[in-house]
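Below is one structure, written out as structure tokens; the observations come after it.
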There are 2 protein chains.
Amino acid sequence: MQIPQYRQLYESLRHQIIAGIYQQDDLLPSENQLADLHQITRMTVRQALNELVKDGYIRKQKGKGSFVNLRRKTVGMLAFRDPQTGLVGNELLLQSKILGKPSIQSWDTPFFFPISEQEKQAGCIMAINLHSIDTSPLMLEYYYLPNINLPGFIMTPFVKESIMESLRISYHVEASGVEQEISATLATAQEAQFLQIPVGSPLVHVWRRYTTNRMGYYFYSSSFCYTKHYSLSSVIL
Amino acid sequence: MQIPQYRQLYESLRHQIIAGIYQQDDLLPSENQLADLHQITRMTVRQALNELVKDGYIRKQKGKGSFVNLRRKTVGMLAFRDPQTGLVGNELLLQSKILGKPSIQSWDTPFFFPISEQEKQAGCIMAINLHSIDTSPLMLEYYYLPNINLPGFIMTPFVKESIMESLRISYHVEASGVEQEISATLATAQEAQFLQIPVGSPLVHVWRRYTTNRMGYYFYSSSFCYTKHYSLSSVIL
DNA sequence: GAGTGGTCTAGACCACCTG
DNA sequence: AGGTGGTCTAGACCACTCG
């Protein structure tokens, strides 16, 4: 078996929800109906539906059924949101841009997160990403990648001007979880310059440590967010 | 059946993990062993273990087993953390205190979140909670509770000087999810006074909308966090 | 009363990991 | 080779919802 049956059903339903075939608060077929329809047992259907619940696509109610939920949880990532229009994340025209050339250097000591000996030996690829909406910068991100098994990273062109996308597409490294440390700071000269704001503006500072699909490989980021016009939103179940 | 068997096993294992009987990275008994031990089927054991995975108490690895994970995800809540010692949440001696008397008032207009007609009619219970570590204040929280089905709330003594605890113990209202909006601000005179910090200090400002186990009942909070010495941490899978 | 999701049983085969 | 977790089957009874 290549792809598990519950996964296929999950993807099928997920696709229909995203495509709008099932809409907000629509009632999905019952578990027994789905089981008959796909010629699988109800337990397998339940596994697919429970994954959809976990990922926020549907909600279940005993005695009634499974309903579509379009408000999805943002998995660890904070997404920008316009409090005026209510627009979130991808609905906004977010632009991403790599600043300068990524460089290989030694780790800052002390680094915010504890670094293993192997990571220290390997050195650190540092890259800077600036996210804007229209022409106004919102978030300045410093990425720190242990230089392990990423051949040619600093020479390879970036995908969609995004470090996360490049890791995913070019090296099949995907973030599977995030640990975040959040604080408030005042903009220094450098942050003020990149974000085109006055020195001393309040910024949300987020340190992140990403776990990945590559066992034992972590990477890190330090982000400065200007939240005067757009706040950071996250929905968690 | 009162309490499901998988829930009993979940609580039993969870208790043993918290109590330190199973420690970080310890190997739990295998699914088959747990099934034999508790005279239940493996599928029921798996449901218990999967809940533990979901709540971050253990991790599973195919071919090896289930391992204890003490780094738990903080469900929606941001927990304070001391970057020096690495202490998180309850390990720190966090003190909670209700400031003044809660009052029933009308909702601020406009309120940060959209308010339903029913919530507007009912009015709003406002209460202020201050969280400190030792004697230094860390977080100032304004709670906004729709005055629906909370008889005697403003007269009832609080449980552990905490609004969330009081809702849970006295009214069986429990938060099941959170939507957060995060921004950075500068401390006003009022925040500076409560938090005993200079006016103009950078603060993390968090607006929250809680979903609860009571269908259709939401409550809200607005928190100001002083992050100079302790950052806000959250781990999300 | 009929249908729904929640819980549970007693098996089975598989891919993965370790000795 | 033997044990582990991942997937799956074909049933069952229950509490809840609604007409």
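Proteins come first, then strands; the chains are lettered A, B, ... in the order of their sequence lines, and each starts at number 1.
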Find the distance [X]:[atom1] to [N]:[atom2] and express it as a whole number of Å.
X       : N     : atom1 : atom2 : answer
B:Glu31 : D:dT7 : CD    : P     : 11 Å
B:Lys64 : D:dG6 : NZ    : P     : 13 Å
A:Leu34 : C:dG3 : CG    : C1'   : 14 Å
B:Ile58 : D:dT4 : CD1   : P     : 15 Å
A:Leu49 : C:dT4 : CG    : C1'   : 12 Å
A:Arg46 : D:dT7 : CZ    : P     : 16 Å
A:Tyr6  : D:dG6 : OH    : P     : 9 Å
A:Met43 : C:dT7 : CE    : C1'   : 8 Å

**Fill in**
When A:Lys62 and B:Lys60 are each assigned the nearest nucleotide of DNA chain D, the 5'-most assignment goes to B:Lys60

**Prompt:** Do the non-hydrogen side-chain atoms of A:Lys64 and A:Phe67 ever get within less than 4.5 Å of each other?
**Reply:** yes

**Prompt:** Between B:Ser222 and B:His205, does any side-chain donor sit less than 3.5 Å from a side-chain acceptor?
**Reply:** yes

**Asked** Closest nucleotide of DNA chain C for B:Gln47 versus for B:Arg42: which of these residues is on the 5' side?
**Response** B:Gln47

Indicate whether OP1 or OP2 belonging to [N] is found under 4.0 Å from a side-chain N or O atom of [X].
X       : N     : value
A:Thr44 : D:dT9 : yes
B:Gln33 : D:dT4 : yes
B:Gln39 : C:dT9 : no
B:Thr41 : C:dC8 : no

**Prompt:** Distance under 6.0 Å and angle within 45° of the ring axis: does A:Arg7 meet both against A:Tyr10?
**Reply:** yes

**Message:** Can you tell me which residue among A:Tyr210, A:Tyr144, A:Tyr220 is in a ring-ring contact (aromatic ring centres under 6.0 Å, His included) with A:Phe113?
**Reply:** A:Tyr220

**Asked** What about the rings of A:Phe111 and A:Trp207, do their centers lie closer together than 6.0 Å?
**Response** yes

